[in-house]
Structures are given as C-alpha cells and as structure tokens.
Amino acid sequence: MNFIRHLILTLTLAPTLASAHGGDKPGPHGGKIEMPGAFHTELVLDKDQSAHVYLLDMNFQNSTTKDSSAKVFARAKKVQIPFNCTVMQDHFHCVPTKKYSQDSEIVIKAVREKAVGNDAVYKLPLKFENQTESKSEHSHH
C-alpha cells in the first residue's frame, strides 16, 4: 500500500517538478533556463546573435564565473559554429565566429564552481511553455 501511495504522489508531482527546472518561465535575467547538472544555465540571446550565459545555483540565483567555464556553439545539421566567450563579472558573453541559422540549437558545455554539467541544449527560437512566438522575439538587452 505504501508503494502505491508513493507512486501516485510521484506521478502527481512529476509535471510540477519538471517545470521547476526552467522551460516554463524566464530566468532572473529574462533568458531560457536548462539544468545540465547540479546547477542551472540561463541563456539570453541578443539580436546580433551573441549570447549571455549565466551559471546559476539550484535556486536560480547567484550567477558566478569563479572556478567556472562556458563553451558555446551553434549546431544545425552537420555544421557547428563555435562562439568566443569572454568572462564578465557575473556571466559569460559569447560571440559566434559567424552567423548561424535560426533553426539551430545552441549548446552550452558548462562548469560551475568546478561542478561539470552535461550539455545544455537550447532549440531556436527560444520559447517558454505556453508562450506564443511573437512574445519570444523581444530583446532583454
């Protein structure tokens, strides 16, 4: 009986827990959130295709660059376009080496305070759940 209760509780909470990892609403800097490991990445794209990458804690706060790194590239079909990333005070500013298509994916390989994450993959255009495409086109910078 305890197993069934636990299973029902898990299945009831699963959608809530899944949306708590990002996806459903903008992060603290207005960007899209992914959870590649024991931390969150937030991606904000500028109109010039440059990226701002924030490495956040489990509470979506305390963006840091200390003992951290971000490698970013755009991927479409068999083409990969690397970004050159510069460390800023609380995030990484990454500029693509050339223009990428709007149907690409942005991939972030991040390390936050020595914690290595899996690839964070962002499908373009960046959209939040229950958001129309027209709302996703505005810039935060």
Side-chain angles (χ1 to χ4, degrees), residues 2-141:
N2 253 353
F3 172 76
I4 293 174
R5 239 185 233 158
H6 181 54
L7 180 63
I8 291 171
L9 182 62
T10 301
L11 292 174
T12 303
L13 291 176
T16 304
L17 295 173
S19 66
H21 293 297
D24 61 335
K25 62 183 179 176
H29 305 96
K32 182 80 170 153
I33 299 280
E34 291 292 334
M35 186 177 169
F39 60 92
H40 293 95
T41 58
E42 180 180 9
L43 174 64
V44 178
L45 292 177
D46 286 338
K47 288 184 181 186
D48 67 357
Q49 295 192 327
S50 65
H52 300 271
V53 177
Y54 297 87
L55 305 180
L56 307 169
D57 64 18
M58 293 300 288
N59 297 315
F60 305 97
Q61 300 173 348
N62 303 316
S63 182
T64 186
T65 57
K66 182 182 179 201
D67 295 325
S68 302
S69 66
K71 293 180 182 173
V72 180
F73 60 91
R75 176 173 62 200
K77 299 178 183 163
K78 295 183 180 183
V79 177
Q80 283 193 16
I81 298 169
F83 286 54
N84 294 319
C85 295
T86 303
V87 178
M88 308 304 279
Q89 183 176 351
D90 67 344
H91 72 285
F92 295 88
H93 182 239
C94 303
V95 179
T97 56
K98 63 182 184 176
K99 296 287 185 192
Y100 53 87
S101 69
Q102 291 304 310
D103 62 346
S104 300
E105 296 176 329
I106 303 296
V107 180
I108 301 172
K109 295 178 177 285
V111 176
R112 184 183 191 276
E113 295 181 341
K114 299 181 183 177
V116 179
N118 296 312
D119 290 358
V121 179
Y122 294 83
K123 294 189 185 305
L124 297 182
L126 296 180
K127 288 194 293 187
F128 301 100
E129 293 174 15
N130 302 322
Q131 181 182 29
T132 63
E133 192 147 338
S134 61
K135 288 183 183 176
S136 68
E137 293 173 359
H138 70 284
S139 176
H140 296 284
H141 291 274

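In terms of heavy-atom proximity, A120 sits nearest to T41 at CB-OG1, 3.5 Å. In this structure, P96 and S50 approach most closely via the heavy-atom pair CD-CA, 3.9 Å. In terms of heavy-atom proximity, T97 sits nearest to N84 at CG2-ND2, 3.8 Å. Summarising the geometry of H93 relative to V95, their closest heavy-atom pair is CE1-CG2, 3.7 Å, with the distance given to 0.1 Å. Minimum interatomic distance between G30 and V44 (heavy atoms only, all atoms of both residues): C-CG2, 4.4 Å. Considering every non-hydrogen atom in both F39 and A115, the closest pair reads CE2-O, 3.3 Å.
H52 has its side chain within reach of D46: a pair of non-hydrogen atoms, C-beta onward, lies under 4.5 Å apart. A heavy-atom distance below 4.5 Å is found between the side chains of L56 and P28. With a 4.5 Å cut-off on side-chain heavy atoms, V72 and L43 do not count as touching.
Counting only N and O atoms by type, the side chains of S101 and S104 include a donor and acceptor under 3.5 Å apart.
For residues 94-114, the set of pairs meeting the salt bridge (Lys or Arg N to Asp or Glu O under 4.0 Å) definition, not counting sequence neighbours, comprises R75-E105, E105-K123, K109-D119.
Within a 6.0 Å radius of CD in Q61, other residues, nucleotides and ligands contribute more than 12 heavy atoms.
Q49 CD to K47 NZ: the interatomic distance, rounded to the nearest 0.5 Å, is 13.0 Å. Rounding to the nearest 0.5 Å places NE2 of H91 at 13.5 Å from OG of S68. A distance of 8.5 Å separates CD1 in I81 from CD1 in I106, rounded to the nearest 0.5 Å. For the atom pair NZ of K32 and CD of E42, the computed distance is 11.0 Å after rounding to the nearest 0.5 Å.
Under the rule for a ring pair (Phe, Tyr, Trp, His ring centres under 6.0 Å), the partners of Y100 that lie at least two apart in sequence or sit in another chain are F83. Taking D90 as the reference, nothing meets the side chain to side chain donor-acceptor pair (under 3.5 Å) condition, with sequence neighbours excluded.
Between H29 and Y54, the ring planes lie parallel to each other; the angle is under 30°, not in the 30° to 60° tilted range.
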